[in-house]
A.B. asks: 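Here's a structure for you.
Below, read A as the first sequence line, B as the second, and so on, with proteins coming before strands; counting in each chain starts at 1.
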Amino acid sequence: MADIEKTEAVNEQTSSNFIHNIIDKDLENQTYGNRVYTRFPPEPNGYLHIGHAKSICLNFTTAQKYNGKCNLRFDDTNPVKEDTEYVESIEADVKWLGFQWEKLLFASSYFDKMYECAVMLIKKNSAYVCDLSAEEIKRHRGTLTEPGKESPYRNRSVEENLELFENMRKGLYKDGEKVLRAKIDMASPNINMRDPIIYRIAHIEHHNTGDKWSIYPMYDYAHPIEDAIEGITHSICTLEFEDHRPLYDWVLRELEWDEPPQQIEFARLNLTNTVMSKRYLKALVDDGSVEGWDDPRMPTIAGLRRRGYTPEAIRDFCERIGVSKANSLVDIALLEHCIREDLKSRAETRMVVMNPLKVVITNYPENSTEEVDIENSKEDEAKGTRKVQFSRELYVERDDFMEIPEKKYFRLFPGNEVRFKGAYFITCQDVVKDEAGNVIELRCTYDPETRSGSGFDGRKVKGTIHWVDAKTAVKIKIRSYGYLMIEDENGETVLNPDSMKVFEAYAEPSLKDADAGERYQFFRHGYYIADEHLTNETEKVFNQIVGLKSSWKK
RNA sequence: UGGGGUAUCGCCAAGCGGUAAGGCAAUGGACUCUGACUCCAUCAUUCGAAGGUUCGAAUCCUUCUACCCUAGCCA
């Protein structure tokens with residue numbers, strides 16, 4: 001109970017940002033009545049990544065906060081880059097994150113309306129058909145410091161423009177032959193206002209509208225119309241569109257829209273050790289550097305999901321990073337904190353020895369075995385206990401032994417006594433080495449009086465370590481994922497060649513039939529999750545969650 | 001070099017004229033059947049810099065500096 005109250009209080013505190021301040025003012029001024037309507041408008045040209053998650057959370061939770069609505073809209077105005085595979089994955093990812101859209105829409109279904117609007121602009125003498133080539137248009141645009149030059153086609157008559165534009169629609173011209181341009185100001189210091197192109201010709205099949213259209217609207221023209229049609233009040237996008245806002249407003253003003261939506265920009269997410277560029281991620285997929293868009297090393301929602309991230313953890317992360325207009329680079333440690341935070345209370349714990357060292361309990365009877373009870377969760381008693389075999393020969397983590405202990409090392413070393421989790425106090429008596437001098441086995445003794453649960457309190461030990469029973473242990477494969485990207489010696493971010501390692505580990509038998517979706521936290525080594533893509537493998541493969549918080553002080 | 005933005009602790013980030021929230025990270029300590037978790041403590045006399053206004057400024061004014069975006073028939 002107290003926990004719940006605490007959680008709510010935290011959410012209360014962190015759930016305000018500058019966008020909310022803007023909305024509060026709009027509500028106060030009744031700019032849009034009491035309406036708050038947002039939208040998440042991805043272009044279906046790739047998979048969603050953690051950066052999109054920030055935008056998704058922002059849009060959906062903002063709507064929730066004000067009892068408003070939020071649409072999922074595919075901004076599919078450029079058929080050359082888009083694909084239905086992407087719309088499916090995007091839908092799945094948004095749902096998985098736990099959000100429900102008011103409507104699922106496609107910008108392409110507004111093409112008729114957008115065409116009508118373009119005709120209206122032409123009739124108002126605010127748009128014209130231009131025959132300049134791409135190269136010529138570029139030259140006429142001017143530079144950052146020099147004004148542009150007007151197109152020779154700028155002063156065509158309304159009638160001629162109407163006819164030409166109609167012909168463009170009919171597919172009478174080749175790609176690039178003509179464009180429709182907004183007639184604004186070639187001398188504007190804002191290059192976006194120098195008669196921007198609003199329609200281009202493209203004889204290409206669209207994933208949604210097929211071959212109905214041979215002209216497609218440009219983002220700057222289409223987006224405000226999409227927002228306006230849907231009754232969006234606050235159109236939230238990223239910082240690089242700030243310079244486009246005058247054009248966004250121009251389109252809606254020219255089209256004489258009542259209660260036009262307003263564009264608000266925020267800084268996109270950057271994460272340390274993470275590449276967020278869709279283009280780059282696509283290249284990794286295409287050249288086979290990763291298994292696919294859902295490779296667990298990818299920062300995609302699908303990759304994070306496969307890696308073991310929960311939607312709760314991702315949403316918590318998005319809440320914690322906040323929203324502002326300052327370019328920032330968020331430490332990935334925060335994301336890792338969020339998954340640990342979420343998993344620590346819901347994941348069950350299991351003992352797994354990743355790098356085994358054999359231990360023989362010399363005073364434990366041969367051919368004898370016993371069962372000990374170990375709790376499944378440290379945090380949640382309701383998760384119960386399980387029986388684990390304990391016998392004469394066991395494996396412990398090599399790290400848990402040090403022949404010559406450093407200060408403050410209180411695990412196994414010759415002569416030291418430690419607790420074996422859930423079992424007995426064990427004292428290391430002897431070290432067995434091979435010819436090369438490598439430690440290959442520890443000879444230990446146990447104290448029968450110290451069994452867990454016996455109530456023994458004769459003495460205490462400083463260390464507790466995990467173990468697996470040699471006879472009953474199962475071998476599992478651990479796939480350990482490091483950061484996909486690392487910095488090289490020059491400070492350049494490059495692909496990490498060691499981003500994925502596969503190795504065998506010994507696990508207690510309860511992991512043998514672990515099913516997809518079951519979450520496990522392995523003792524001391526961090527948090528792991530069953531790989532949902534490998535449900536029927538004989539050997540279960542586990543993905544290592546990022547954010548291993550090794551407590552070892554070396 | 002034009003235009004548009006942003007500058008508050010190592011990383012995010014509140015603050016909106018009344019005397020610097022919070023989280024992550026870090027550090028010390030307590031606790032512990034793992035050193036995890038939890039807990040407790042420490043962590044910006046100072047808000048990019050310099051001036052100015054004011055009883056009072058991170059918040060207002062001036063000047064300067066740094067960084068980001070911007071010259072696709074991409075979004």
A.B. asks: Closest nucleotide of RNA chain B for R245(A) versus for T272(A): which of these residues is on the 5' side?
C.D. replies: R245(A)

A.B. asks: For U19(B), which nucleotide is its Watson-Crick or G-U wobble mate, given both distances must be under 3.5 Å?
C.D. replies: none

A.B. asks: Which nucleotide, if any, forms a Watson-Crick or G-U wobble pair with C73(B), using both distances under 3.5 Å?
C.D. replies: none

A.B. asks: Is G463(A) touching bases, backbone alone, or none of the nucleic acid, heavy atoms closer than 4.0 Å?
C.D. replies: nothing

A.B. asks: Compare the minimum distances between each of G2(B), U38(B), G5(B) and the side chain of K325(A), then state the nucleotide with the smallest one.
C.D. replies: G5(B)

A.B. asks: Say we look at U65(B) and U1(B): how far apart would their P atoms be, to the nearest angstrom?
C.D. replies: 10 Å

A.B. asks: Under the criterion side-chain contact (heavy atoms from CB on, under 4.5 Å), I'd like the reasoning laid out for E397(A) against N355(A): C-alpha separation, chi angles, the key distance, then a yes or no.
C.D. replies: CA-CA 5 Å; E397(A) 211 68 66; N355(A) 189 9; 3.7 Å; yes

A.B. asks: From the list G15(B), G2(B), C33(B), which nucleotide is the closest neighbour of the side chain of R419(A)?
C.D. replies: C33(B)

A.B. asks: Quick one: on RNA chain B, does H223(A) or L239(A) contact a more 5' nucleotide (nearest heavy atom)?
C.D. replies: L239(A)

A.B. asks: Please determine whether a side-chain nitrogen or oxygen atom of S324(A) lies at a distance below 4.0 Å from atom OP1 or OP2 of A13(B).
C.D. replies: yes

A.B. asks: Check every atom of A25(B), G2(B), C37(B) against the side chain of E379(A) and return the nucleotide holding the closest atom.
C.D. replies: C37(B)

A.B. asks: Any idea which of C24(B), C16(B), G2(B) is nearest the T145(A) side chain?
C.D. replies: G2(B)

A.B. asks: Could you tell me whether D220(A) contacts a base, only the sugar-phosphate backbone, or nothing, with contacts defined as non-hydrogen atoms closer than 4.0 Å?
C.D. replies: nothing

A.B. asks: S328(A) near the nucleic acid: base, sugar-phosphate alone, or nothing, with a heavy-atom cut-off under 4.0 Å?
C.D. replies: sugar-phosphate

A.B. asks: If I pick the C1' atom on C55(B) and the same atom on U62(B), what distance separates them, to the nearest angstrom?
C.D. replies: 22 Å

A.B. asks: Would you measure the distance from the C1' atom in G28(B) across to the matching atom in C68(B) and give it in whole Å?
C.D. replies: 39 Å

A.B. asks: Run the salt-bridge test on E319(A) and R315(A) with the 4.0 Å N-O cut-off and return the result as yes or no.
C.D. replies: no

A.B. asks: Need one value for G453(A): base, sugar-phosphate or nothing, where a base atom within 4.0 Å counts as base even if backbone is also close, heavy atoms only.
C.D. replies: base

A.B. asks: Which part of the nucleic acid, if any, lies within contact of H244(A), taking any heavy atom under 4.0 Å across all strands shown: a base, the sugar-phosphate backbone alone, or nothing?
C.D. replies: base

A.B. asks: Can you measure L48(A) atom CG to A75(B) atom P for me and round it to whole angstrom units?
C.D. replies: 18 Å

A.B. asks: Write down the distance between OH (Y86(A)) and C1' (C74(B)), rounded to a whole number of angstrom.
C.D. replies: 15 Å

A.B. asks: Is any side-chain N of the basic residue among R411(A) and D399(A) closer than 4.0 Å to the acidic one's carboxylate O?
C.D. replies: no

A.B. asks: How would you label the contact of F241(A) with the nucleic acid (heavy atoms, under 4.0 Å): base, sugar-phosphate, or nothing?
C.D. replies: base

A.B. asks: Between U38(B), G4(B), C33(B), which nucleotide has the shortest distance from any of its atoms to the side chain of T464(A)?
C.D. replies: C33(B)

A.B. asks: Counting the atoms with a prime plus P, OP1 and OP2 as sugar-phosphate, which does V323(A) contact under 4.0 Å by heavy atoms, base, sugar-phosphate, or nothing?
C.D. replies: sugar-phosphate

A.B. asks: Can you tell whether the side chains of K387(A) and D373(A) come within less than 4.0 Å, N to carboxylate O?
C.D. replies: yes

A.B. asks: Charged N to carboxylate O below 4.0 Å: is that the case for E265(A) and K325(A)?
C.D. replies: yes

A.B. asks: How would you label the contact of H466(A) with the nucleic acid (heavy atoms, under 4.0 Å): base, sugar-phosphate, or nothing?
C.D. replies: base

A.B. asks: Please determine if E348(A) and R386(A) form a salt bridge, counting it only when a charged side-chain N lies under 4.0 Å from a carboxylate O.
C.D. replies: no

A.B. asks: According to the Watson-Crick and G-U wobble definitions, with both distances under 3.5 Å, which nucleotide is paired to C43(B)?
C.D. replies: none

A.B. asks: Return the value, rounded to whole Å, for the distance between atom CG of L335(A) and atom C1' of C11(B).
C.D. replies: 13 Å

A.B. asks: Are any protein N/O atoms closer than 3.5 Å to N/O atoms in nucleotides 71-73 of chain B? If there are, list each pair with its distance.
C.D. replies:
| from | atom 1 | to | atom 2 | distance (Å) |
| --- | --- | --- | --- | --- |
| A71(B) | O2' | R141(A) | NE | 3.3 |
| G72(B) | OP2 | R141(A) | NH2 | 3.0 |
| C73(B) | OP1 | R141(A) | NH2 | 3.4 |
| C73(B) | OP2 | R141(A) | NH1 | 3.0 |
| C73(B) | N4 | L132(A) | O | 3.0 |
| C73(B) | N4 | A134(A) | N | 3.0 |
| C73(B) | N4 | G176(A) | O | 3.0 |

A.B. asks: Report the distance from atom CD of E43(A) to atom C1' of A75(B), rounded to the nearest whole Å.
C.D. replies: 5 Å

A.B. asks: Rounded to whole angstrom, note down the P distance from G22(B) over to C43(B).
C.D. replies: 12 Å

A.B. asks: What contact category does K81(A) fall into here, base, sugar-phosphate, or nothing, at under 4.0 angstrom with non-hydrogen atoms?
C.D. replies: base

A.B. asks: Sticking with atom P, work out how far A7(B) lies from C16(B), rounded to a whole angstrom.
C.D. replies: 15 Å

A.B. asks: Looking only at atom C1', what distance separates A30(B) and C37(B), rounded to whole Å?
C.D. replies: 14 Å

A.B. asks: For atom C1', what is the distance between A14(B) and A20(B), given to the nearest Å?
C.D. replies: 10 Å

A.B. asks: Nearest whole Å is fine: how far is G15(B) P from N17(A) CG?
C.D. replies: 9 Å

A.B. asks: If you only use heavy atoms from C-beta on, which nucleotide in G5(B), C12(B), C33(B) is closest to the side chain of E242(A)?
C.D. replies: G5(B)

A.B. asks: Out of U38(B), G3(B), C33(B), which has the shortest distance to the side chain of K378(A)?
C.D. replies: C33(B)

A.B. asks: With a 4.0 Å cut-off on N to O distance, would you call E230(A) and R39(A) a salt bridge?
C.D. replies: no

A.B. asks: With sugar-phosphate meaning primed atoms plus P, OP1 and OP2, does E146(A) contact a base, only sugar-phosphate, or nothing at under 4.0 Å between heavy atoms?
C.D. replies: nothing

A.B. asks: Is there a Watson-Crick or G-U wobble partner for A7(B) with both distances under 3.5 Å, and if so, which one is it?
C.D. replies: U65(B)

A.B. asks: Are E136(A) and K149(A) ion-paired here, with the side-chain N under 4.0 Å from a carboxylate O?
C.D. replies: no

A.B. asks: Ring-plane angle category for Y115(A) and F165(A), please: parallel below 30°, perpendicular beyond 60°, tilted otherwise.
C.D. replies: parallel

A.B. asks: Taking the P atom in each of C9(B) and A58(B), what is the distance between them to the nearest angstrom?
C.D. replies: 14 Å

A.B. asks: What is the distance from CD of E240(A) to C1' of U70(B), rounded to the nearest Å?
C.D. replies: 11 Å

A.B. asks: For N327(A), answer base if it contacts any base atom (sugar-phosphate contacts may also be present), sugar-phosphate if it contacts only those atoms, and nothing otherwise; contact means non-hydrogen atoms under 4.0 Å.
C.D. replies: sugar-phosphate

A.B. asks: Quickly work out the L334(A) CG to G22(B) C1' distance and round it to whole Å.
C.D. replies: 12 Å

A.B. asks: Please tell me which of the listed nucleotides, G23(B), U70(B), G5(B), lies nearest to the side chain of R320(A)?
C.D. replies: G23(B)

A.B. asks: For R169(A), is there an ion pair with E166(A) - N to carboxylate O distance below 4.0 angstrom?
C.D. replies: yes

A.B. asks: Are any of the side-chain nitrogens in R519(A) or D342(A) under 4.0 Å away from the carboxylate oxygens of its partner?
C.D. replies: no

A.B. asks: Under the 3.5 Å rule, do the base of G4(B) and the side chain of N190(A) count as making a donor-acceptor pair?
C.D. replies: no

A.B. asks: Between C69(B), C33(B), C74(B), spot the one nearest the side chain of D243(A), thanks.
C.D. replies: C69(B)

A.B. asks: Can you tell me how far P of C24(B) sits from CD of E319(A), to the nearest Å?
C.D. replies: 14 Å

